[in-house]
Amino acid sequence: MMPRVRWADGAWALLVLLAAVLMSCGLAMTFSLIVRSPTEAEGQGLIFLGSLAFGGSAVWAGLSGRPLWETILTALVVGGLAMEMPDGLLAHLAAMGLVPAALTSMLVDLLAPGGRRAEP
């Protein structure tokens, strides 16, 4: 018997992974303690694209019947990083907890998908 391939779950996981990579790269480009980073403009663009991708994955998670905690953890990254987006250390500190939390919720869903909806 062939195992059922869950293409929608894989595509959603790739979107979360892409969002995390964009967000992390953007935050790395904007990080500076003393002066403004020379790559800050490009970093802000990557943070914005990562926020859009996390927002899209949160909407996708909500519409596809994933658990509420998973949707909330994915959406928290957008809210937690957008509040200090222009500059500041708070966005970088929030990313240290929120981006791994979103990735963990994605991995938990992929490894234990039975708590979501009845499989045909």
Exercise. Does any N or O in the side chain of S105 come within less than 3.5 Å of the main-chain N or O of A102, such that one atom is a donor and the other an acceptor?
Worked result: yes
For this session: Check step by step if side-chain contact (heavy atoms from CB on, under 4.5 Å) holds for R66 and D9.
Result: CA-CA 10 Å; R66 297 188 194 287; D9 292 341; 3.0 Å; yes
For this session: Verify side-chain contact (heavy atoms from CB on, under 4.5 Å) between F54 and L15, making sure each step is shown before the conclusion.
Result: CA-CA 8 Å; F54 268 123; L15 181 61; over 6 Å; no
Exercise. So, do M23 and L46 sit near enough that their side-chain heavy atoms are less than 4.5 Å apart?
Worked result: no
For this session: Could you work out the complete set of other residues in the hydrophobic cluster of V59, with links drawn between I, L, V, M, F, W and Y side chains under 4.5 Å apart?
Result: L63
Seminar exercise, completed: Residues G50 and A19: closest non-hydrogen pair is O-CB, 3.8 Å
For this session: Answer yes or no: is there a side-chain heavy-atom contact under 4.5 Å between V16 and W60?
Result: no
For this session: For the pair W12 (side chain) and S57 (backbone), establish whether a donor and an acceptor sit closer than 3.5 Å, ignoring hydrogens and angles.
Result: yes
Exercise. Do V21 and M106 sit in the same hydrophobic cluster, where Ile, Leu, Val, Met, Phe, Trp and Tyr count as joined when their side-chain heavy atoms come under 4.5 Å apart?
Worked result: no
For this session: Could you list the residues that satisfy side chain to side chain contact (heavy atoms under 4.5 Å, CB included) with L17, not counting sequence neighbours?
Result: L103
For this session: Kindly give the heavy-atom pair with the smallest separation between A20 and V99, and that separation in Å.
Result: CB-CG1, 3.9 Å
